[in-house]
Amino acid sequence: MAYKERMGDGRLVEMSKEEMIRDIEAGCNDAAERGKISALSEDAQERLLDIMISPERVASVEPENTVVFSTDNGCHSLYGNFSEAGGVGLPIHSVTANMLMERALGFDSVFYGWLDFCFKAAKAVITQHQQELESILMNTVSPCIYGAMPNLGGYYKPDGPFENVGDLMAEGKILEGMEVYERLVDHAKEDIVWVSEQLTRVGVDCINIDTTGAAGDGDFLSSLKACEELKKQTGLSIEMGMASEFVMGIHGGLEYDGNVLAGMYPHKQVKMAEKAGVDIFGPVVNTNTRQSTPWNIARAITFTKECSRVANIPLHPNMGMGVGGLPMAEMPPLDAVTKASKAMVELAGVDGI
Amino acid sequence: MGMAVAHGMASGMNGMRTAGDLVMRMEMKGMKIKEAKEYVAGKLGVGVPELSDEYRMKEVREELDIGTVMAVPGAAKGLRAKARIADILGIEIPCVEKLR
Amino acid sequence: MSNENLLEIIRESIVKVDRETAVQTVESALAQGLQAIEVIEKGLSPGMQKVGDLFERGELFLPQVMMAAGLMTQIVQSLQDKMSPEQTTKKNGVVIIGTVEGDVHDIGKNIVKILLSVNGFEVHDLGRDALLSRFVEKAKEFNANIVASSALMTGTMQAQGDLETLLKEAGIRDRVKTMVGGAPCTQYWADKIGANAYAENASEAVTKARELMAAQ
């Protein structure tokens, strides 16, 4: 018998039960080998198979097992453009968008951020952000998250004062590149702290330092240091979302709390986040577009389950386009999204998405 | 947006339709889902399973006047609803503190 | 020691960036009768391929990749006088690479550039936010075999399709092969716009580029 399944790019394919069993096992083993962690148990793999072979269009958890959602995008999806935000471009204000999210769409939190989504760039428009946040906070009931990313790449010339570290290293100036990269860390940290403090003044509930590590280990380090400082100074709630499944080593030697950050997978990243004072951690597992969704979801759950096992803070894994087992497709199919969602909550034991 | 809605239908508490916003507030304080649900249920005086029941939570939210998704004239909305949530959950909500 | 053992030591010394061992073992291999070109193709290149694989898994970091690339380049240069003129001028191919206009994400593209370079490709990098017309100009100027474009956003990846059109309009599409990469790209996307190859990561980009050259 053939079952309808998806590939990692969203295409519909037919797979036999045996092929799905093979892919689930292979996805688990790939994560276990890379992360040096345990694969999913046979029971868990069988349970995942049950979820995946369901012919229904929508999968769901039992009501008591429901979780909550934070967002790194939210209202942007309503008024933003499709490229940065996957947006549908409605001509509405951020307050209206957030009220729609809360009242019509049932979001657990509301959100504000700039489409540019970088702390450094937000400095120039901070009073506008404060004003919009005030309006959102006055009109909504759910907790409000402000999101942006450290984006160390924004500090390179011509956007910033520093030489591009990748270019320096490619020219053979490896030590110079590493020194420049080290200096970037504190610049980014200062910007994250400053912007967050300004938003604290108007009463934001939570800062989401998001897409952390996108520019490598220094990017992650700047976020951890900013979180530590913000916690001491403001007590603000902080969510941290990762950019990819392991921390890319642009420097390779940067440490936090005596641990080398480069090469860390989610179960080690979360311990750094806890140490820094993060309240909610969002691990990422990348989707391989050439593999099936059973393979990708099995792999994502294996990494996330281990992260969940060691975490003392809530986990909200990223489950958007091309991450968390979801296909890399602008409009991910309902069956793939809901199966991944159900499997992640039931098998990885996460606290939210 | 469709993706977030799909997640919401599959595994979400669905915010103010139930007690999702309240549980989210407690997770923002570092509580894991089980602890957060137990805390909120205790403060609302309901059982944990009821937190995800739209029918029951509409009733509870209206009784406590902590905001619902329905546009009921005179019912607490925005900051006013949040001030009541802060009192009921026994937490500080930053924008409510600014108001006070 | 067998030739295969020597080649294995060369491969590992590239991975470990162990200059002394690499140089000594290359000398031993040559003294034992291995050809310089064999040392490159069966020792140094696979070693560098492994470096790329380990980087993709988070087990090696950018400075080590750069140092390994530097070591390999130095050894290849030192072997030039031991190769025939045919071998020394032989390149795997000429590649024009860049991040498409409107997109400033270049970390992945830079890794691809480095791995292609140390694997014998002549690479011309247009940097980030590169005008599509420059891809065409440079492809003509350097008589390129491959035009490789990177995009990290669903909006900017449309430019990869536009590039296919521009190359056709310039009358050179049948002379070059095209490759696409970047987070939102897929094999399906490559097929849809008519690109010749899609690579999921930098190591695969080298494999795909070699396959494209072999098919030319």
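Given the structure is predicted, the values throughout are model-derived calculations rather than measurements. Throughout, a chain's letter reflects where its sequence line sits, starting with A, and its residues are numbered from 1.
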Engineer: Measuring from B:Met16:CE to A:Glu102:CD, what's the distance to the nearest 0.5 Å?
Structural biologist: 4.5 Å
Engineer: Is it true that a side-chain atom of A:Ser237 and a backbone atom of B:Met28 form a donor plus acceptor pair closer than 3.5 Å?
Structural biologist: yes
Engineer: Can you tell me if B:Asp21 uses its side chain to pair, donor with acceptor, with the backbone of A:Ser142 under 3.5 Å?
Structural biologist: no
Engineer: Find the one option among B:Lys77, B:Lys37, B:Arg17 whose heavy-atom pairs under 4.5 Å with chain A are most numerous.
Structural biologist: B:Lys37
Engineer: Of all the heavy-atom pairs spanning A:Val68 and B:Gly20, show the shortest one and how long it is.
Structural biologist: CG1-O, 3.4 Å
Engineer: Side chain, backbone, both or neither: which part of A:Val58 has a heavy atom under 4.5 Å from chain B?
Structural biologist: neither
Engineer: Counting only non-hydrogen atoms closer than 4.5 Å, does A:Val350 touch chain B with its backbone (N, CA, C, O), its side chain (CB onward), both, or neither?
Structural biologist: backbone
Engineer: So what's closer than 4.5 Å to chain B heavy atoms on A:Ala104: side chain, backbone, both or neither?
Structural biologist: neither
Engineer: For A:Val278, is it the side chain, the backbone, both or neither that has a heavy atom under 4.5 Å from a heavy atom of chain B?
Structural biologist: neither
Engineer: Go through the atoms of A:Met99 and report whether side chain, backbone, both or neither lie under 4.5 Å from a heavy atom of chain B.
Structural biologist: neither
Engineer: Most heavy-atom pairs under 4.5 angstrom with chain A, which of B:Met9, B:Met31, B:Arg80, B:Glu50?
Structural biologist: B:Met31
Engineer: B:Gly15, B:Ala36, B:Ala81: which one forms the most heavy-atom pairs within less than 4.5 Å of chain A?
Structural biologist: B:Gly15
Engineer: With A:Pro314 as reference, evaluate B:Glu27, B:Met24, B:Met26, B:Lys29 under the side-chain contact (heavy atoms from CB on, under 4.5 Å) test and give the passing residue.
Structural biologist: B:Glu27
Engineer: Does any N or O in the side chain of B:Ser52 come within less than 3.5 Å of the main-chain N or O of A:Pro63, such that one atom is a donor and the other an acceptor?
Structural biologist: yes
Engineer: Quick one: of A:Thr140, A:Asn65, A:Leu133, who has the most non-hydrogen atom pairs under 4.5 Å with chain B?
Structural biologist: A:Thr140
Engineer: Just wondering, do B:Ile66 and A:Val141 contact through their side chains at under 4.5 Å, heavy atoms?
Structural biologist: no
Engineer: If you compare all heavy atoms of B:His7 against all heavy atoms of A:Leu326, which two are closest, and at what distance to 0.1 Å?
Structural biologist: NE2-CD2, 3.9 Å
Engineer: Chain B heavy atoms under 4.5 Å from A:Leu334: which part of the residue, side chain, backbone, both or neither?
Structural biologist: side chain
Engineer: Can you tell which part of A:Asp205 gets under 4.5 Å to a heavy atom of chain B, answering side chain, backbone, both or neither?
Structural biologist: both
Engineer: Could you tell me which non-hydrogen atom of B:Ile33 sits nearest to which non-hydrogen atom of A:Asp351, and how far apart they are?
Structural biologist: N-OD1, 2.8 Å
Engineer: Let me confirm one number: the CG-CG distance from A:Asp108 to B:Leu22, rounded to the nearest 0.5 Å.
Structural biologist: 9.5 Å
Engineer: Any side-chain heavy atom of B:Lys98 within less than 4.5 Å of one from A:Glu134?
Structural biologist: no
Engineer: Checking A:Leu236 against chain B: side chain, backbone, both or neither under 4.5 Å from a heavy atom?
Structural biologist: neither
Engineer: Given heavy-atom pairs under 4.5 angstrom as the criterion, report whether the side chain, backbone, both or neither of A:Thr200 touches chain B.
Structural biologist: backbone
Engineer: Against chain B, work out which of A:Ala311, A:Ser341, A:Ser60, A:Gly235 has the most heavy-atom pairs shorter than 4.5 Å and name it.
Structural biologist: A:Ser341
